[in-house]
Amino acid sequence: MASPLPDSTETNQDFKVATTELGKETVDGHPCVENKVVVTDANGKTSEFTVWNATDLKNFPVKVVHAEQEAEITMLFQDVSIKKPAASAFVPPADYSRYDSMQSLMQAVIMKKMAGGMGTPK
């Protein structure tokens, strides 16, 4: 289904981000800058993260920790490769069908099932 991406200038206007450097550390063999990141939404609600940005990977966040309501979530990225992907990765399969809306996709699924087909259309 075709769906446009939101304009990043619109979505970023509702949030404020404050970053404070906490130190330097090595994570999974990458030299990193450890940062405290506080994100505040338009209503004043804050979320706090600790982020390790790998200086050898163009500051990619190889580790992110977020604590909320007695639970701590840790995301650790491994085997990170900062390189341009092949254009072929974005070419749809030969039997691909494009749908302009969720409604048209659902109609195609229903029609295929009514005709005795199995699965979702491509």
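Rounding to the nearest 0.5 Å places NZ of K36 at 8.5 Å from OG1 of T50. From N59, atom CG reaches atom CH2 of W52 across 15.0 Å, with rounding to the nearest 0.5 Å. Atom OG of S47 and atom CD of E68 lie 6.0 Å apart (nearest 0.5 Å). In this structure, the separation between NZ on K24 and CG on N53 is 10.5 Å, given to the nearest 0.5 Å. Taken to the nearest 0.5 Å, the CG atom of D14 stands 12.5 Å off from the OG1 atom of T40. We find the OH-CD distance between Y99 and Q107 to be 10.5 Å, quoted to the nearest 0.5 Å.
Here the side chain of H66 pairs a donor or acceptor atom with the backbone of E48 at under 3.5 angstrom. One N or O on the side chain of T55 and one on the backbone of P31 form a donor-acceptor pair closer than 3.5 Å. A donor-acceptor distance shorter than 3.5 angstrom exists from the side chain of D41 to the backbone of N43, with no hydrogens or angles considered. Side-chain atoms of T26 never come within 3.5 Å of backbone atoms of G29 as a donor-acceptor pair (strictly under, hydrogens ignored).
Aromatic ring pairs are classed by plane angle as parallel below 30°, tilted from 30° to 60° and perpendicular above 60°; the pair F77 and F60 is perpendicular.
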(request) Decide yes or no on side chain to side chain contact (heavy atoms under 4.5 Å, CB included) for V62 and L57, but give the supporting numbers first. (result) CA-CA 9 Å; V62 291; L57 294 173; 3.9 Å; yes
(message) Apply side chain to side chain contact (heavy atoms under 4.5 Å, CB included) to residues V38 and V17 and explain how you reach the verdict.
(response) CA-CA 6 Å; V38 179; V17 179; over 6 Å; no
(message) Run D100 and R98 through side chain to side chain contact (heavy atoms under 4.5 Å, CB included) and show every step you take.
(response) CA-CA 7 Å; D100 293 325; R98 179 185 172 108; 3.4 Å; yes
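Within a 6.0 Å radius of CD in E72, more than 12 heavy atoms belonging to other residues, nucleotides or ligands are found.
Taking both residues in full, the closest heavy atoms of A54 and C32 are given as CA-SG, 3.7 Å, listed atom of the first, atom of the second, then distance. Nearest heavy-atom pair, L76 versus V27, reported as atom, atom and distance to 0.1 Å: CD1-CG1, 3.8 Å.
K63 places a side-chain heavy atom less than 4.5 Å from the side chain of T74. No side-chain heavy atom of V65 sits under 4.5 Å from any side-chain heavy atom of F49.
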